[in-house]
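Just follow the structure's listing: the first ligand is 1, and inside any ligand the first atom is 1.
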Amino acid sequence: MARMPKFDVVSIEDLAIEEIERIFALADGFADALREGRPCDLAAGLIMATLFYEPSTRTRLSFESAMHRLGGSVISSADMQASSAAKGETLADTARVVAAYADLIVVRHPYDGAARVAAEYAGVPIINAGDGSREHPTQTLCDLYILRRKKGRLRGLTVALCGDLKFGRTVHSLIYALARFGANIVAAPFGGMDVPDYVLERLAAERNYRISTVTVDELKSQAGGLDALYLTPSGPHQMALFTGENPLDKLPSARPPTALDAFYVTRLQRERLAEKDRDGGAYVHFDARALRTSRAQQAVVMHPLPRTDELAYELDSDPRAVYFEQAAAGVPVRMALIAWLLERGQRAIAPLTAGEPPIRFKAEPTPRCANPACITRHESAYLRPRFRLARSANRALLALRCDYCERELRIEFVGHAKSHRYYRFDESLYGYVRQWIDEGSLAVFETVKQAEEGGYEPYRRGPQREVMNATEIATACVEIAAQIIADVADPTALALVGVVSRGAMLAIRMRELIERRTGVRPPFAALDVYGGDAAIHPIEPAGGFDIDGRTIVLVDDVINSGWTVQRAMTALWRNGRPAAVKLAVLIDRGHRALPIRPNYVGKRIPTARGDRVRVRLTVPAGEGEARRPVDRVVVYSMVDSMREPEAAS
Ligand code: NCD
């Protein structure tokens, strides 16, 4: 019996051009065999498992048909809601378990990067049948196979991509492949649904390739008065994707097409949109008139299917409408992929893109991916976020790319875990950052506040002056507590939420003061604005409390731009609907970027923009521990020029 080598097809980039060519040659043979009714037993004795966490018609059934046609067999979990996933089993566990039942696993999953996780945990090959909005490599094999059959070549073709180019995973895989085959790409996104930056940046960095982006109106004129694409942008349309200092600007732009060879139309990926955006307004609509103009006369119309309203049924009878052929190609092309895997045997093939090695973050806090649909955000019990250095378009930010979903994380503050210093990133620090990565001592922070919460000190600072001492801080807490009591008619409806960590420490003090005055001990929670989805930690009562209908007093030490408060409000609103939210801060230092005004302020301190306000509070002493009270508020200036960080010397 043939053995399947462990070779995963997670991205279309996992396959070299020659390998894709070989798969197409095999597909030609299988197409002939299917037509002539010749049986095949290439995969006899092998089992393929299909794990579909999202709906599918074409992909799953054509994979299964392909495996049967090759003489193999199939076990399937077409609806993962009927599997242990419904009981909360992780993808990693499922992949590991199913790998013991099958020689090959085909997986579709709603989260970006899920196929990569399955590939890392399964001992058998994983084929990605669509992972969130990221990629769908085997659809691309079908697309390219048909496009080349219709046009005789791929190099030099001009393919217009229309519709939802942001969430359409088939489009992303297709773009990577077309770029490698030397085709020109014209992107005509539906309003706001542009090709994501991470795709464009990868194309630029790895292939020195740039796609041209046009509005649908421009596409109409490029196509020679093409008038059958209707589109009403639902948001402001971004014409020039690259502005300012973007290094992508330096790439040669694609030639305007003289003729269009294919329209690749996609449906609006409603399932990836927030409820309120699902309507989509007037989406792309493509009908027979699109093919009437001279420049588009030779164009084929493609679609990965399923279609919704974007393709008129009248097109179906036109020989240039090839979408059902794309779907039909699913069987021979997927047979060819399986046969190619078998043929490939154990030959070791170097990975296509060696690139940067992943960064091991030994230092806390470890960054997490900013993409809410990233698999690392949903399976965090065992998955550690993993990043690589990426090329940043902005020199003042350090760019990291998530290994799973490929989204970029842009970092403003970096730290050196050994010296416990932090720095505002700029390009001059790049060499040090690389060195810190090598020694496992890079820390990254979203804000100065986060760095300081982690015990990091600024690299350099000016002299500090005290603006509040322990007595003044205590008095301010008493005054704020008194104002809260005066404001809130019913103290039993009150709850305090303190921002970790100094806001929470202040909230504890205020709660005690409130209890002493009213006899009511309000519930209390700590809120970690960097804590991701489980940001609110109820402290008392330990089981938590309902925030619906309550008056929440949010407590923080310093208010500056207001971003922290905004994040805290978002976290609160995710957890319920309070009757009112009031804000108490010890210090208001000005420089607001958001229209937020605290209800209770201990002291207003005018500061310069580059100043830092540091609140130091005594941690309640533990058993047998006597600590000198060090409560104070100090202000010092941050020195931003960090050309020669001492930390790295
Ligand atoms: C696509 C998918 O699932 O990404 N369907 C398919 O596999 N042919 C496209 C889509 O759902 O729009």
Does [X] have a heavy atom less than 4.0 Å from any atom of ligand 1?
X    : answer
A327 : no
T266 : no
R108 : yes

Worksheet item: How does Q269 reach ligand 1, if at all, at less than 4.0 Å between non-hydrogen atoms: by side chain, backbone, both, or neither?
Response: side chain
With heavy atoms of [X] as the reference, note each atom of ligand 1 found under 4.0 Å away.
X    : answer
H136 : 2 (C), 4 (O), 6 (C), 7 (O)
Q139 : 6 (C), 7 (O), 8 (N)
T170 : 1 (C), 4 (O), 9 (C)
T59  : 6 (C), 7 (O)

Fill in: Contact check: L305 vs ligand 1, nitrogen or oxygen atoms, below 3.5 angstrom
yes
Worksheet item: Who's closest to atom 12 (O) of ligand 1 heavy-atom-wise, of R267, Q326, R270?
Response: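 It is R267 that holds the nearest heavy atom.
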Worksheet item: Any idea which of R169, E135, E271 brings a heavy atom closest to atom 4 (O) of ligand 1?
Response: R169
Worksheet item: CG/L400 to CZ/R410 distance, rounded to the nearest 0.5 angstrom?
Response: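 L400 CG to R410 CZ: 10.5 Å, rounded to 0.5 Å.
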Fill in: Approximate separation, where rounding is to 0.5 Å, of R22 CZ and R344 CZ
13.5 Å
Worksheet item: Could you walk me through whether Y323 and I146 pass the side chain to side chain contact (heavy atoms under 4.5 Å, CB included) check?
Response: CA-CA 9 Å; Y323 28 88; I146 291 300; over 6 Å; no
Practice prompt. For D32, look at atom CG and say whether over 12 heavy atoms of other residues, nucleotides or ligands are found less than 6.0 Å away.
Written response: yes
Item to complete: If a pair satisfies ring pair (Phe, Tyr, Trp, His ring centres under 6.0 Å) and one of its residues is in residues 86-134, list it, with sequence neighbours excluded.
Response: Y53-H109, H109-Y111, Y111-H378, Y121-Y382
Worksheet entry | Side-chain donor-acceptor pair present, S62, R334, cut-off under 3.5 Å | yes
Worksheet item: Just one of W340, Y145, F181 clears the ring pair (Phe, Tyr, Trp, His ring centres under 6.0 Å) bar with F24, so which one?
Response: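 Running ring pair (Phe, Tyr, Trp, His ring centres under 6.0 Å) over W340, Y145, F181 with F24 returns exactly one hit, Y145.
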Item to complete: Before giving the answer on salt bridge (charged side-chain N to carboxylate O under 4.0 Å, His left out), spell out for R388 and D403 the whole-Å C-alpha distance, their side-chain angles and the decisive distance to 0.1 Å.
Response: CA-CA 7 Å; R388 288 164 209 258; D403 233 20; 2.4 Å; yes
